[in-house]
Amino acid sequence: MPELPEVETVRLSLLPIVGLRIDAVEVREPRLRRRLAHNFAAQLNRRTFEAIDRRGKYLLFRLDGGDTLLAHLGMSGALLLQPAGTAPQLHDHVRLHLADGRLLTFNDPRRFGLLQIGREADFAELRRVGPDPLAREFTVDDFLRLLRGRKKPVKNLLMDQQGIAGIGNIYANEMLFVAGIRPARQARRVTRDQADRLYEAMRAVLTRAIQRGGSSISDYRDGEGRTGYFQLELAVYDRAGAPCHRCGATIKRVVHAGRSSFYCAQCQK
DNA sequence: CGCACCCCCTGCCGGC
DNA sequence: TGCCGGCAGGGGGTGC
């Protein structure tokens, strides 16, 4: 579910927990993408949140003492800040009882999400996380280097977290539409002009989506339970058979590597 | 290296 | 009405 804009929206919505201590840790279901370590609760207990960072689709909760709580929402995960006394719901796997009485709850029906506590340098999954597409340091030249010589479809490259971190299926489709490039085009066949447009589209689409609070396709909510609104602005994602807003042609859907791509054959080359 | 497939898991939707 | 297959925003692994 959540891609960079949704994860960033969750991060912003959870900032009020910074400064709060965890008074109790309730593990109701340890079997996530990876099973929670046996000492997970003990390591979290009595720690204080000092900051919340994001890398790609990962959230990093900085704790006093130097440890980090790493969180990934998978396809269906949510982190919810709930009022004191909230009863556990179905698929509430971990509930952190905060010093002010509120709860920080990890809910994830499909259990593709991840929670892990430790030193950031020890997190193997972060070694596969590339630069953030919105970072000032990530230049158009970096982007061009990424495309150069690669035979795989440009959409796969956008979604490869090692090259650029945070883009998933929805936003890859959307930025390719904005840039006028077909998803299946080989990365090395993307012209200089197209690459410039894609770089700009990448930043524009992600920035706009964050401003709109992300896309709530089915069940996405931020930490306060609020939906996003960017789904109302999606040009191609999940619009197969519908008319292109730009030219009126019918939006197509094709499946590559098990994932659906949506595009307008008229507007995208 | 790239890719075509698998897997993990639950929920929902459409067709029969 | 109920059952079944397909599909879903994630990542990871294998074998070719």
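Each chain gets a letter, A, B and so on, in the order its sequence line appears, and its residues count up from 1.
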Using only heavy-atom distances, decide whether a donor-acceptor pair under 3.5 angstrom links the side-chain of A:Arg110 to the base of B:dC9.
yes
If every non-hydrogen atom of A:Glu3 is compared with every non-hydrogen atom of A:Ile170, which pair is closest and at what distance?
OE2-N, 2.8 Å
Is the base of B:dC9 stacked against the aromatic ring of A:Phe112, taking ring centres under 5.5 Å apart and planes under 30° as the test?
no
If you look at every strand shown and take non-hydrogen atoms under 4.0 Å, does A:Leu157 touch a base, only sugar-phosphate, or nothing?
nothing
Length of the CZ-C1' vector between A:Arg259 and B:dC5, whole Å
14 Å
Considering only C:dG11, C:dG10, B:dC3, which nucleotide approaches the side chain of A:Lys152 most closely?
B:dC3
When every non-hydrogen atom of A:Phe138 is compared with those of A:Ile164, the smallest separation belongs to CZ-CG1, 4.1 Å
Tell me the interatomic distance from A:Arg111, atom CZ, to C:dA8, atom P, rounded to whole angstroms.
22 Å
Does CD belonging to A:Glu125 count more than 12 external heavy atoms closer than 6.0 Å?
yes
For A:Arg253, report the nucleic acid contact type (base, sugar-phosphate, nothing); a contact means any heavy atom under 4.0 Å.
sugar-phosphate
Whole-Å distance separating the CZ atom of A:Arg55 from the P atom of C:dG11:
14 Å
More than 12 non-hydrogen atoms from neighbouring residues, nucleotides or ligands closer than 6.0 Å to CZ on A:Arg28, yes or no?
yes
Please determine if a side-chain N or O atom of A:Lys151 lies less than 4.0 Å away from the OP1 or OP2 oxygen of B:dG2.
no
Output yes when at least one side-chain N/O atom of A:Ser260 is less than 4.0 Å from OP1 or OP2 of C:dA8, else no.
yes
Protein-nucleotide distance (A:Arg34, atom CZ; B:dC9, atom C1'), rounded to Å:
17 Å
When you measure from the side chain of A:Arg111 to the backbone of A:Arg31, do you find a donor-acceptor pair of N or O atoms at a distance under 3.5 Å?
yes
With a non-hydrogen cut-off below 4.0 angstrom, is A:Pro5 in contact with a base, only sugar-phosphate, or nothing?
nothing
Roughly how many Å is it from CD in A:Glu3 to C1' in C:dG9, rounded to a whole number?
6 Å
Once you round it to whole Å, what is the distance between P of C:dG11 and CZ of A:Arg127?
17 Å
Report the nucleotide, chosen from C:dA8, B:dG11, C:dG12, that has the shortest atom-to-atom distance to any side-chain atom of A:Glu125.
C:dG12
Under 3.5 Å, side chain of A:Glu50 to main-chain N/O of A:Val18, donor-acceptor pair present?
no
Does A:Lys57 make a side-chain N or O approach to OP1 or OP2 of C:dG11 shorter than 4.0 Å?
yes
By the Watson-Crick or G-U definition, both distances under 3.5 Å, C:dT1 is matched with none
Identified pairing partner of B:dG2, criterion: Watson-Crick or G-U wobble below 3.5 Å
C:dC16
Please confirm whether the shortest side-chain N or O distance from A:Arg128 to OP1 or OP2 of C:dG12 is below 4.0 Å.
yes
For C:dG6 versus B:dC5, give the span between their P atoms, rounded off to a whole number of Å.
15 Å
Is A:His91 close enough to B:dC9 that one of its side-chain N or O atoms is under 4.0 Å from OP1 or OP2 there?
no
Expressed as a whole number of angstroms, how long is the span from A:Leu114:CG to C:dG11:P?
11 Å
Which part of the nucleic acid, if any, lies within reach of A:Arg31 when heavy atoms closer than 4.0 Å are counted: base, sugar-phosphate only, or nothing?
nothing
Please state how far atom CD in A:Glu6 lies from atom P in C:dG9, giving the value in whole angstrom units.
12 Å
What distance, rounded to whole Å, do you find between the two C1' atoms, one in C:dG9 and one in B:dC3?
22 Å
When we call it a touch if two heavy atoms are under 4.0 Å apart, what does A:Tyr171 touch: a base, just sugar-phosphate, or nothing?
nothing
